Amino acid sequence: MMRTWAIANQKGGVGKTTTTVALGGLLASQGKRTLLVDTDPHASLSGYFSVSGEDGLGSVYELFTGDPRHPESIKSMLRATPYPRLWVLPAAPALATLDRQMSSRSGMGLVLRRALTNLDFDHVLIDCPPMLGVLMINALAACDRLLIPTQTEFLALRGLERMLQSLAMIEQSRRSRLPRLIIPTLYDMRTHASRESLQTLRERYGEDVADNFVPTDTQVREASVNGVPASLWSAARRACPAYHLLLDEILATEPTEETA
């Protein structure tokens, strides 16, 4: 059974791409066939693995430019990474024009969901842009779980509120509650602001907040420069074990084939 997670927040700089790559790299290292889908026009995830959506092999953008009822075959667009069992479907800058192009077309909210049904992976992780539009709507329609990285500082908490308001509107269309997990990121226990923000998250959102958090770690930047998932970068002595614990927590609450 393929599991699809969307990693989203309407605020940038909270660790969405880092979280997507870290969890994806870990899943692949544990023997899971894993696909990372980059739906952000900035293409940070694609760049992490030095992959371009403008090399003529196709990208997420091409999924939207044909007939939405018959999305172009996605299999030929996948790029292998240096890591076994880990693939990327890259983004392209042209994705930034989709909302303007698709405003008058119907059926555009399920393009990604339809395309993914043609694939055979254990896990698909979708890295979302920091704005509500056709791309995030597609990701939320395609996923069976939403992960919301949230920096432990007060401006990020306001961004989280906007994200949850948008999610409530999406859930009206889905007619069901989308399982979500708020992931505290960039936590610095030395600062009062970080400690207070984490406490506020737990008090306000309760069981929707992960038990584990991702601390600040300067080695995360070094990992990205070297194209290595932070969860596999041993020099990241704080972030690396944190992502291991976080993945264990997520997988522990995943439904089995018998209960799904």
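Scope of the values below: all heavy atoms of this structure, side chains included, with no hydrogens, waters or symmetry mates. None of these values were measured; they are calculated from a predicted model.
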With sequence neighbours left out, write down each residue that passes side chain to side chain donor-acceptor pair (under 3.5 Å) with E203, or none if nothing qualifies.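 Checked E203 against side chain to side chain donor-acceptor pair (under 3.5 Å); matches are Q199.
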Residues two or more places apart in sequence or in another chain: which of them pass side chain to side chain donor-acceptor pair (under 3.5 Å) with R177?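 R177 satisfies side chain to side chain donor-acceptor pair (under 3.5 Å) with D208 only.
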Using a 4.5 Å cut-off on heavy atoms from C-beta on, say whether the side chain of N138 contacts that of L110.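 They are not in side-chain contact.
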Side-chain donor-acceptor contacts of residues 148-158 below 3.5 Å, not counting sequence neighbours, with atom names and distances?
unit_1, atom_1, unit_2, atom_2, d
T150, OG1, I148, O, 3.2
T152, OG1, T185, O, 3.4
T152, OG1, L186, O, 3.4
T152, OG1, S194, OG, 2.9
E153, OE1, L155, N, 3.1
E153, OE2, A156, N, 3.1

May I have all residue pairs that pass side-chain hydrogen bond (donor to acceptor under 3.5 Å, both in side chains) and include part of residues 40-54, sequence neighbours excluded?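 Counting only pairs at least two positions apart or across chains, the side-chain hydrogen bond (donor to acceptor under 3.5 Å, both in side chains) contacts touching residues 40-54 are D38-S46, D40-H42.
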So which pairs with a foot in residues 121-137 pass side-chain hydrogen bond (donor to acceptor under 3.5 Å, both in side chains), sequence neighbours left out?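 Qualifying pairs, neighbours excluded: T17-D127.
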Taking it one step at a time, do M77 and L57 satisfy side chain to side chain contact (heavy atoms under 4.5 Å, CB included)? CA-CA 6 Å; M77 301 180 186; L57 298 179; over 6 Å; no
How does the hydrophobic cluster around L245 look, that is, which other residues are in it when side-chain heavy atoms under 4.5 Å mark a link?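 Besides L245, the cluster holds no residue at all.
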Which pairs, with at least one residue in residues 76-102 and sequence neighbours excluded, count as a ring pair (Phe, Tyr, Trp, His ring centres under 6.0 Å)?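 Passing the test, one end in residues 76-102: W87-F121.
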All pairs passing ring pair (Phe, Tyr, Trp, His ring centres under 6.0 Å) where residues 171-202 contributes a residue, at least two apart: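 Listed once each, the pairs are Y187-F213.
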Return yes if a side-chain donor-acceptor contact under 3.5 Å exists between [X] and [Y], otherwise no.
X    : Y    : result
S166 : Q10  : yes
E222 : W233 : no
R145 : T253 : yes

Show me the pairs that pass salt bridge (Lys or Arg N to Asp or Glu O under 4.0 Å) and involve residues 181-197, at least two apart or across chains.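 Listed once each, the pairs are D188-R190.
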Not counting sequence neighbours, which residues clear side chain to side chain contact (heavy atoms under 4.5 Å, CB included) with D211? List them please.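 Side chain to side chain contact (heavy atoms under 4.5 Å, CB included) list for D211, sorted by chain: E249.
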Taking only residues two or more places apart in sequence or in another chain, which ones pass ring pair (Phe, Tyr, Trp, His ring centres under 6.0 Å) with Y205?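 Partners of Y205 by the ring pair (Phe, Tyr, Trp, His ring centres under 6.0 Å) criterion come out as none, since no residue qualifies.
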Review item, side-chain donor-acceptor pairs of residues 26-33, under 3.5 Å, at least two apart:
unit_1, atom_1, unit_2, atom_2, d
S29, OG, L26, O, 2.7
R33, NE, D120, O, 3.2
R33, NH2, D120, O, 3.1

Judged by atom type as modelled, is there a donor-acceptor pair below 3.5 Å linking the side chain of D99 to the main-chain atoms of G133?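 No, because the side chain of D99 does not come within donor-acceptor range (under 3.5 Å) of the backbone of G133.
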